[in-house]
Amino acid sequence: MTRGRLVIISGPSGAGKSTVVRELINRSDLPLKLSVSATTRPARAGEIDGVHYHFLNQSQFNQLREDGEFLECKEVFGLGYWYGTLRNKVATGLEEGSWVILEIDVQGAIAVLDQGGLDPITFFVHTGGLDSLESRLRGRKTEDEAVISRRLTTAEEEIQLMHRYQYEIINDEVDRAVEEIDQRLSRHRENREH
Ligand code: ADP
Ligand code: 5GP
């Protein structure tokens with residue numbers, strides 16, 4: 001069995017990462033698999049434990065961290081909520097031949113890159129402007145004003161680190177953005193086969 005590839009998708013909150021990743025997995029011919037992260041953030045309405053995230057309390061999260069179970073983990077947005085990628089799930093997925101997608105923040109992506117050896121294919125998804133980001137975040141109606149404001153400040157910091165990624169994807173239209181990512185990934189597979 002050919003080992004899979006690690007794929008990282010980052011970008012500001014509200015840029016449309018979850019939407020794009022969902023569609024990408026539905027449409028692509030590649031054996032894509034989304035890595036389900038652990039988080040201490042409370043579940044939003046409609047989010048299912050084990051599907052969208054593994055929802056943990058802080059002490060459960062700390063225990064996993066102490067046990068070295070995270071490939072990377074970060075407090076995202078500085079609001080006290082932690083997010084982490086489960087090392088074993090990623091390793092098993094890659095061994096099974098899946099192309100494992102990490103939808104993680106920029107600090108987490110850099111931590112993975114700095115570990116070396118994992119050779120991820122990296123995408124930075126954004127809207128191309130902070131105004132459209134703000135309106136998408138507001139339109140989603142899942143965060144209050146303080147949280148939206150914090151996420152927008154973080155977005156400005158994240159955009160400064162876009163150069164660490166191989167591909168910049170403007171999510172102007174979901175279909176087009178999905179197609180672009182799928183083509184880039186397919187090209188990586190073709191290059192590997194030849
Ligand atoms: P993220 O995962 O990056 O935080 P979401 O996928 O939750 O972002 O998208 C944020 C909001 O923007 C959602 O309400 C989603 O339906 C909407 N959205 C996503 N992509 C687009 C797009 N290309 N054009 C307009 N709205 C979009
Ligand atoms: P949300 O709270 O909107 O689901 O996600 C907030 C942010 O956390 C997003 O930027 C998302 O990419 C990031 N995130 C989700 N899971 C992880 C993870 O396991 N590690 C890191 N570093 N960031 C994550």
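This chain uses plain numbering: 1 for the first residue, then up along the sequence. Both counts, for ligands and for their atoms, begin at 1 and track the order of listing. Everything numeric in this text was worked out from a predicted model, so none of it was measured.
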Tell me whether ligand 2 is touched by Arg151 - counting only heavy atoms on the residue side and a distance under 4.0 Å.
yes
If we set the cut-off at 4.0 Å for heavy atoms, which region of Gln107 has an atom near ligand 2: side chain, backbone, both, or neither?
neither
Record the part of Ala177 in heavy-atom contact with ligand 1 below 4.0 Å; permitted values are side chain, backbone, both and neither.
neither
Hey, looking at atom 8 (O) of ligand 2, which of Trp82, Tyr81, Tyr83 has the closest heavy atom?
Tyr83
Would you mind finding which of Arg22, Arg136, His126, Glu173 brings a heavy atom closest to atom 22 (C) of ligand 1?
Arg136
Answer with side chain, backbone, both or neither: which part of Asp172 has a heavy atom less than 4.0 angstrom from an atom of ligand 1?
backbone
Contacting atoms of ligand 2, where contact means under 4.0 angstrom from a heavy atom of Arg41
1 (P), 2 (O), 4 (O)
What do you reckon, does Gly14 put a non-hydrogen atom under 4.0 Å from ligand 1?
yes
Judged on heavy-atom distance to atom 3 (O) of ligand 2, which of Glu47, Arg44, Glu158 sits nearest?
Arg44
State the atoms of ligand 1, each with its element, that fall below the 4.0 Å cut-off from a heavy-atom position in Lys17.
1 (P), 2 (O), 3 (O), 4 (O), 6 (O), 8 (O)
Using a plain distance cutoff, I'd like to know if Gly139 has any nitrogen or oxygen under 3.5 Å from a nitrogen or oxygen of ligand 1.
no
Among Ile104, Leu86, Val147, Val36, closest by any non-hydrogen atom to atom 18 (C) of ligand 2
Ile104
So which heavy atom in the protein is nearest atom 20 (N) of ligand 2, and how far is it from that ligand atom?
Glu72 OE2, 2.7 Å
Could you identify the single nearest non-hydrogen protein atom to atom 16 (N) of ligand 2 and state the distance to 0.1 Å?
Ser37 OG, 3.2 Å
Check ion pair Arg44-Glu143 (N to O, under 4.0 angstrom):
yes
Would you mind checking if Asp67 and Arg87 are paired as a salt bridge, meaning a charged N to carboxylate O distance below 4.0 Å?
no
Atoms of ligand 2 under 4.0 Å from any heavy atom of Phe77, numbered from 1 in the order shown, are 6 (C), 7 (C)
Counting non-hydrogen protein atoms only, what is the nearest one to atom 11 (C) of ligand 2? Give residue, atom name and distance.
Glu103 O, 3.9 Å
The protein heavy atom nearest to atom 5 (O) of ligand 2 is Tyr53 OH, 3.3 Å
